[in-house]
Amino acid sequence: MAVKAPAPPAMKLTDAIAVDAEPYPFEFTPATCALLIIDMQRDFLEPGGFGEMLGNDVSKLRSTIAPNRKLLGVWRTHGLQVMHTREGHRPDLGCLPPAKKARGRNRTSIGDHGPMGRILVRGEAGHDIIPELYPLFGETVIDKPGKGAFYATDLHAIMQYRGIRQLIVTGVTTEVCVNTTVREANDRGYDCLVPEDCVGSYFPNLHAAGLEMIKAQGGIFGWVTHSKSILAALQ
Ligand code: TIU
């Protein structure tokens with residue numbers, strides 16, 4: 001009779017592990033590292049929302065869904081901390097800078113009615129996170145009015161209370177909200193690792209440049225990897 005090999009010891013979440021990354025391996029302690037998923041909202045990934053209003057082909061972002069789902073699933077299995085963000089504004093548009101409303105000179109703009117409700121407004125269908133990555137009860141959801149997740153939000157306070165020191169940042173778009181958030185996190189003393197397949201842009205050249213900017217100069221803002229390397233490290 002075949003004897004089953006004993007299960008390997010469970011990963012100790014308080015031990016540091018290393019992920020193959022650029023410009024050099026990213027060392028992190030799972031218990032104090034959160035997965036921060038940026039703006040995986042219908043407004044950016046589905047037709048009829050903010051992304052399309054800006055003139056973009058929203059199908060370009062959909063390749064990020066499967067790798068995010070996989071990483072999120074494994075992260076949840078280990079009981080690690082998950083946070084989601086949503087870009088959007090109060091229904092009275094009180095937190096919408098007039099300059100942001102006017103930018104682009106589009107016929108429809110933030111707050112106007114579209115097929116998924118009012119564009120980029122909290123509580124509307126388009127503002128919600130896509131069903132594939134929907135937050136579970138207990139996962140933090142940060143509503144942010146800007147591109148960066150720290151500006152005018154309680155993200156920094158929540159990270160301090162929970163002892164979060166490092167972030168794995170995924171979501172959309174690479175050169176806008178992901179990049180801005182990584183820069184903000186860096187200035188607040190946090191390490192950020194960005195899995196390149198879990199972030200996406202409407203523009204391949206800006207996606208590449210956005211990743212390059214993070215990892216250049218010895219990791220001036222953070223580290224870049226592939227989600228497979230994170231999953232391998234979490235085995
Ligand atoms: N337009 C664009 O590329 N992005 C945004 O407006 N917001 C985020 O990146 N979430």
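Whatever order the structure lists ligands and atoms in, that order sets their numbers, starting from 1. Residues: numbered from 1 along the sequence shown.
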**Study point:** Proximal ligand 1 atoms for Cys177, defined as those under 4.0 Å from one of its heavy atoms
**Key:** 7 (N), 8 (C), 9 (O), 10 (N)
Point to revise | Carboxylate-amine/guanidinium proximity below 4.0 Å for Glu184 and Lys144 | key: no
Review point. Relative to each other, are the rings of Trp223 and Tyr24 parallel, tilted or perpendicular (30° and 60° limits)?
Key: perpendicular
Check your understanding: Under a 4.0 Å N-O cut-off, is there an ion pair linking Asp43 with Arg86?
Key -> no
Exercise for review: Give the C-alpha distance, both sets of side-chain angles, the deciding distance and a yes or no for side-chain contact (heavy atoms from CB on, under 4.5 Å) between Leu193 and Gln166.
Suggested key: CA-CA 8 Å; Leu193 174 65; Gln166 295 175 301; over 6 Å; no
Study note, to complete from the structure: Counting from 1 in the order shown, the ligand 1 atoms closer than 4.0 Å to a non-hydrogen atom of Leu54 are 1 (N)
Practice item. Would you check whether Lys147 has a nitrogen or oxygen atom less than 3.5 angstrom from a nitrogen or oxygen atom of ligand 1? Key: yes
**Study point:** Lys101/Asp112 ion pair, N-O < 4.0 Å
**Key:** yes
Check your understanding: To which protein heavy atom is atom 7 (N) of ligand 1 closest, and what is the distance rounded to 0.1 Å?
Key -> Glu87 OE1, 2.9 Å
Practice item. Assess whether side-chain contact (heavy atoms from CB on, under 4.5 Å) is satisfied between Asn56 and Phe203, documenting all intermediate values. Key: CA-CA 9 Å; Asn56 297 309; Phe203 308 97; 3.4 Å; yes
Exercise for review: Would you mind listing which atoms of ligand 1 come within a distance below 4.0 Å of any non-hydrogen atom of Val172?
Suggested key: 8 (C), 9 (O), 10 (N)
Exercise for review: Using a 4.0 Å heavy-atom threshold (strictly under), name the region of Glu175 that reaches ligand 1: side chain, backbone, both or neither.
Suggested key: neither
Revision key, fill the gap. Exactly one of Tyr190, Tyr161, Tyr151 clears ring-ring contact (aromatic ring centres under 6.0 Å, His included) with His156, and that residue is Tyr190
Check your understanding: Below 3.5 angstrom, do we get any N/O pair linking Asn56 and ligand 1?
Key -> no
Point to revise | Residue, atom name and distance, where the atom is the protein heavy atom closest to atom 3 (O) of ligand 1 | key: Thr173 OG1, 2.9 Å
Check your understanding: Hey, does Tyr202 come in under 3.5 Å of ligand 1, counting only N/O atoms on both sides?
Key -> no
Review point. Under 3.5 Å, side chain of His226 to main-chain N/O of Lys228, donor-acceptor pair present?
Key: yes
Point to revise | Nearest-contact summary for atom 5 (C) of ligand 1 - protein heavy atom, Å | key: Phe44 CE2, 3.5 Å
Practice item. Please could you name the atoms of ligand 1 that Asp39 approaches to less than 4.0 Å, counting only its heavy atoms? Key: 8 (C), 10 (N)
Exercise for review: Output yes when the distance from some N or O of ligand 1 to some N or O of Phe50 is under 3.5 Å, and no in every other case.
Suggested key: no
